[in-house]
Amino acid sequence: MIFLKTDDEIELLRQSNLLVGKTLAEVAKLIKPGVTTKQLDKVAEEFILDHGAIPTFKGFPNPYGPPFPGTLCTSVNDQVVHGIPNDIPLKEGDIVSVDCGTYMNGYCGDSAYTFCVGEVDPEVRALLKTTKEALYKGIENAVHGKRLGDIGYAIQQYCEDRSYGVVREFVGHGIGKEMHEPPQVPNYGKRGTGALLKKGMCIAIEPMITQGDRQIVMESDRWTIRTRDRKCAAHFEHTVAIGLDKADILSSFEFIEQVLGDKAI
């Protein structure tokens with residue numbers, strides 16, 4: 001069942017999602033060669049707890065293995081999603097997708113951003129730019145009266161027209177009191193198909209786009225998903241509320257990009 005949110009509930013969702021944006025900004029301050037993703041995870045967890053919230057990813061159940069051990073999903077280079085924070089230092093030229101979730105005042109926040117570590121190959125940076133732009137193409141279609149397929153089609157067409165792969169096996173989702181609620185929100189689809197979008201629906205839209213083939217594999221940790229061809233992948237995510245004329249973006253990249261300045265994607 002898809003739950004429509006009241007205006008008051010949407011404001012509670014906004015608070016949790018803005019905290020995610022601020023947490024990712026704290027992470028952005030630290031990303032550089034030599035830093036480990038486990039260090040990023042520690043800072044994020046402390047920041048979330050200090051603001052009266054709970055990191056929703058930590059301890060999240062896994063149908064394939066152990067619960068998720070970190071606060072952040074940190075996916076480096078060819079890792080698409082669900083990378084586990086570790087002690088391997090980031091290197092010049094890496095990219096790292098950081099996905100973060102919070103639970104505060106009874107509602108969830110969820111957002112992701114892919115960061116460059118130092119100077120990154122222009123072709124990889126172009127992948128990040130396209131993925132972020134595709135997110136906003138999807139958001140343009142998150143309005144009352146359209147359908148879920150309109151969101152997926154916009155993302156898929158934008159990326160595939162630029163010869164990138166669109167991951168099929170992992171998708172966006174509804175969000176509210178639970179981090180994952182109906183409906184699923186694919187990054188591919190046909191216009192005019194899928195569930196009808198209605199004002200008050202809240203969804204997380206999250207393109208996961210690959211530099212090469214869209215095929216993926218799961219690592220032995222039973223969490224980390226990487227590209228089969230070992231080419232890079234990017235991941236950007238916003239939580240939005242469906243509006244009558246345009247979507248209301250509840251999460252924010254503003255705090256991140258204040259930190260990054262002219263290095264922002």
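FYI, side chains are in, hydrogens and waters are out, and symmetry mates aren't considered; it's all heavy atoms of this structure.
Annotation: side chain of Ile48 is not in contact with side chain of Ile54 (no heavy-atom distance under 4.5 Å).
Residues His173 and Glu181 have side chains that never bring a donor and an acceptor to within less than 3.5 angstrom of each other. Counted by atom type alone, Glu257 and Tyr113 present one or more donor-acceptor pairs between their side chains at under 3.5 Å. Thr114 and Ser97 are linked by a side-chain donor-acceptor pair at a separation below 3.5 angstrom, with hydrogens and angles left out of the test.
We find that Arg191 and Asp150 are not joined by a salt bridge, their nearest charged nitrogen and carboxylate oxygen being 4.0 Å or further apart. A salt bridge between Glu133 and Lys137 is absent, with no side-chain N of the basic residue lying under 4.0 Å from a carboxylate O of the acidic one. Note on Asp7 versus Arg14: no salt bridge recorded, every NZ/NE/NH1/NH2 to OD/OE distance being 4.0 Å or above.
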Item to check | Test side chain to side chain donor-acceptor pair (under 3.5 Å) applied to Gln15 and Asn105, step by step | outcome: CA-CA 9 Å; Gln15 290 176 24; Asn105 298 325; 3.0 Å; yes

Checklist entry - Taking it one step at a time, do His180 and Phe60 satisfy ring-ring contact (aromatic ring centres under 6.0 Å, His included)? => result CA-CA 11 Å; His180 294 149; Phe60 197 80; 5.4 Å; yes

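You'll find the ring centres of His238 and Tyr136 inside the 6.0 Å limit.
Lys91 contributes no side-chain N or O that, together with a main-chain N or O of Pro89, makes up a donor-acceptor pair within less than 3.5 Å.
A cation-pi geometry, defined here as NZ or CZ lying under 6.0 Å from the six-membered ring centre and within 45° of its normal, holds between Arg162 and Tyr158.
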